[in-house]
Q: 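Next up is a structure, given as structure tokens.
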Protein chains: 2
Amino acid sequence: MSSSVSPLAPKTVPDMPTIAGIRLATAEAGIRYKNRTDVLLAVMDKGTAVAGVFTKSKCPSAPVEWCRAKLKGGKARALVVNSGNANAFTGKTGRTSTALTAKIAAKAVGCSEGEIFLASTGVIGEPLDATKFDGVLGRLAEAAEPGDYLAAAKAIMTTDTFPKVATATVKLGKAKVTINGMAKGAGMIAPDMATMLSFIFTDAPIAPAALQALLKSGVEDTFNAVTIDGDTSTSDTLLAFATGAAAGHGAPKISRASDPRLKAFVKAFNQVLANLSEQVARDGEGARKLVEITVEGAKTKASARKIAMSIANSPLVKTAIAGEDANWGRVVMAVGKAGEPADRDKLSISFNGIRVAKSGARDPDYDEAQVSEAMKAPEIAIKVSLGLGKGRDRVLTCDLTKEYVAINGDYRS
Amino acid sequence: MSSSVSPLAPKTVPDMPTIAGIRLATAEAGIRYKNRTDVLLAVMDKGTAVAGVFTKSKCPSAPVEWCRAKLKGGKARALVVNSGNANAFTGKTGRTSTALTAKIAAKAVGCSEGEIFLASTGVIGEPLDATKFDGVLGRLAEAAEPGDYLAAAKAIMTTDTFPKVATATVKLGKAKVTINGMAKGAGMIAPDMATMLSFIFTDAPIAPAALQALLKSGVEDTFNAVTIDGDTSTSDTLLAFATGAAAGHGAPKISRASDPRLKAFVKAFNQVLANLSEQVARDGEGARKLVEITVEGAKTKASARKIAMSIANSPLVKTAIAGEDANWGRVVMAVGKAGEPADRDKLSISFNGIRVAKSGARDPDYDEAQVSEAMKAPEIAIKVSLGLGKGRDRVLTCDLTKEYVAINGDYRS
């Protein structure tokens, strides 16, 4: 863990309400860290629906493989998350370890192993000794209470400098339902100690298939639109749990994602995802600037996304922002290398609302002093207009600082 | 320019022979720098064949567009290169500027504008005042001598810390022919001041189409297999010029790249390209380690290339090497995110010949102290065995240091 909190951390932390059907507990299992919590157990009531999206890595971690397989059942009774060890690239012992963890958790909670979901974050390639969970999970299952979501978010941190939580309440039918979420990030994603994990909990009665559809759609413009360093973890995991407890006070049971009664819920759900994913960008390793990149006038939204990601992942763009330099030449470079349709002579670029380039050349009205002043802000918005079509997209990233190099160059040794 | 020479610079600089039919001259035109040369004129004898390959950027610089158009003629009489200003993203004035430069050069040399080739490197987005070449190019054309290739290589430097030249002599038929090359690099490619430019000169009598085929094939495993930061310039240019003067002492005239008499020449030509491109990697911005990444056992060579590039461009792998950390977990991450076929449980990874991971887990015999010692070397070889097929490829890169961030974060301001 870094010693100082990111200057981009949210100024306030929301009060997290409880969610009927969800109980939480954390413990110090001593997996790697000393004097801090490193295990989270979330216990769900019977009937809780689960959905998940995972890393696209061809070398996923053992817990990712476990969750993917168990998602087919659609039901969850417990989530076990540990920090300190990612149980990734651990060969057959990794699979043995997830199976043993699930067995211990199933016994502790009183359910089948297929209803246990697992996530691990921390060092890669070190065997995870699942026997450390023996006893611990039993005590946690007894101690679990409706809860302290902030404590839960703290237990899953690695190089994060602040815990990430978000909440929303919204009407489903005539009933109030609640959505709570937590995430961890730091690199996007430094595989050593900074896997992206996020967990969403709601009391809304939503069937697994519908929840999966909501999650898959919601992640596209939130977590999938955030990049710290372009390095995709072997362990990225986003799970959503819907206990259905709100059916008890009149919330309609939802079986299809297209149900019109879901409209407000979907909006709130996506806001929670957007809030958490922005917090991940705000806590990028070494980040001193939050950077929003908007590409408009592309041929399609997909083309706009690819160009925006090319800009967001460019080391030269990111170092320029760290140096408070509105270096639009590097933005042009990143547009050009994306391989998507672009016409140099139609390009316009602005930094924090100040246009620095238009029609493929420097904007003659652009005032260097004014732009330099604007670049000192902690939040930088880069807008690129391609002038070709109606495709538009937006991604979030952070700057690339010497601290990123220090964190990742000095880390393991 | 950086003040100190890269510790990875070659220990010796070759004596560069002259090439019949090529004359060189350099000057201080004051385009941006003070007290250093910034213009190179190479004058070629009539009948010189030309070939070229360029950036794949969708936003190429004006000189790249000029050269692409003029290549169709296949003949060159002069090459004009300036440093300090890339004439990129300069809109219509960029085109006017290249046209005027070519006009001035054609007058100075006494040829048509279609036989003039241009390359510019330096700041993006600043109009290039071509009138600065007026007078200068006339004087250079008069002063041009068979020459000083090292002086020429110095005139085209930007953030490079050393001039890059290479030479080879080889038999073509029974005649000796010579191949000289020069390059500049630094970022791969920092568009501000570090476009990759390279120029190859030979007296071999090779027709334009054959020369183009040689160049296109030769670049694949040399310049295209080098990455500093994954940021492709708007201006990357590699031109080859063949004067044909060796025909005067018996070299056979070659019209097809498949001509069997070319075999030794192709080998020497590719060695010059490999030598220059390695020097570009050795002079990566802030580089302290030269890194060779070999991927074997992939499904195909193309798949091996994509995985090798994913490793070579990963900020987390590059910062780990800067920290002298054999962090194979990050190599796994980069293999996984490449999107190419890979089986986690068949992966083996070694650093400088020491296997650290096999069959998808830590090598039980691996000795951390031994690996840590090996990582102190200035040259690091990472080998990844996928165990899937016979596809193999190799790329070169360098580490990512705080100096890279400093150079690119502090640069323009």
Q: Could you tell me which of Arg362(A), Lys337(A), Arg344(A) has the largest number of non-hydrogen atom pairs under 4.5 Å with chain B?
A: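 Looking at each of Arg362(A), Lys337(A), Arg344(A) in turn, Arg344(A) comes out on top.
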Q: With chain B, which of Gly360(A), Gly91(A), Ala88(A) has the greatest number of heavy-atom pairs at distances under 4.5 Å?
A: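 Of the candidates given, the most pairs with chain B belong to Gly360(A).
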Q: Heavy-atom distance under 4.5 Å between the side chains of Ile293(B) and Thr397(B), does that happen here?
A: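 Yes, side chains in contact.
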Q: So what's closer than 4.5 Å to chain B heavy atoms on Leu347(A): side chain, backbone, both or neither?
A: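 Contact with chain B involves both backbone and side-chain atoms of Leu347(A).
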Q: Rounded at 0.5 Å granularity, tell me how far CE in Met375(B) sits from CD in Glu368(B).
A: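 It comes to 10.5 Å.
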Q: Among Ser359(B), Pro315(B), Gly125(B), Pro60(B), which has the most heavy-atom pairs under 4.5 Å with chain A?
A: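 Winner by heavy-atom pair count: Pro315(B).
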Q: Counting only non-hydrogen atoms closer than 4.5 Å, does Glu340(A) touch chain B with its backbone (N, CA, C, O), its side chain (CB onward), both, or neither?
A: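 The backbone, not the side chain.
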Q: Could you tell me which of Ala320(A), Gly339(A), Gly94(A) has the largest number of non-hydrogen atom pairs under 4.5 Å with chain B?
A: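 The residue among Ala320(A), Gly339(A), Gly94(A) with the greatest pair count is Gly339(A).
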Q: Hey, which of Ala342(A), Ser57(A), Ser310(A), Pro341(A) has the most heavy atom pairs under 4.5 Å with chain B?
A: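 The residue among Ala342(A), Ser57(A), Ser310(A), Pro341(A) with the greatest pair count is Ser57(A).
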Q: Heavy-atom cut-off 4.5 Å, strictly under: side chain, backbone, both or neither for Pro127(A) against chain B?
A: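 Side chain only.
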Q: Check each of Arg288(A), Lys289(A), Lys376(A) against Glu324(A) using the salt bridge (charged side-chain N to carboxylate O under 4.0 Å, His left out) test, and report the only one that passes.
A: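 Answer to the salt bridge (charged side-chain N to carboxylate O under 4.0 Å, His left out) test with Glu324(A) among Arg288(A), Lys289(A), Lys376(A): Lys289(A).
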Q: Can you tell me if Asp399(A) uses its side chain to pair, donor with acceptor, with the backbone of Thr401(A) under 3.5 Å?
A: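 Not a single qualifying donor-acceptor pair exists.
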Q: Which atoms of Ser372(A) are under 4.5 Å from chain B, going by heavy atoms: the side chain, the backbone, both sets, or neither?
A: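 Answer is neither: Ser372(A) stays 4.5 Å or more from chain B.
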Q: For Ser61(A) and Asn87(A): C-alpha separation, side-chain torsions, deciding distance, then whether side chain to side chain donor-acceptor pair (under 3.5 Å) applies.
A: CA-CA 6 Å; Ser61(A) 69; Asn87(A) 192 15; over 6 Å; no
Q: Given a strict heavy-atom distance threshold of 4.5 Å, which part of Ser314(A) is in contact with chain B: side chain, backbone, both, or neither?
A: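 Both backbone and side chain.
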Q: Charged N to carboxylate O under 4.0 angstrom, Asp345(A) versus Arg95(B)?
A: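 A salt bridge links Asp345(A) with Arg95(B).
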Q: Would you check if the side chain of Asp343(A) reaches a backbone N or O of Leu386(A) as a donor-acceptor pair within less than 3.5 Å?
A: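 Absent.
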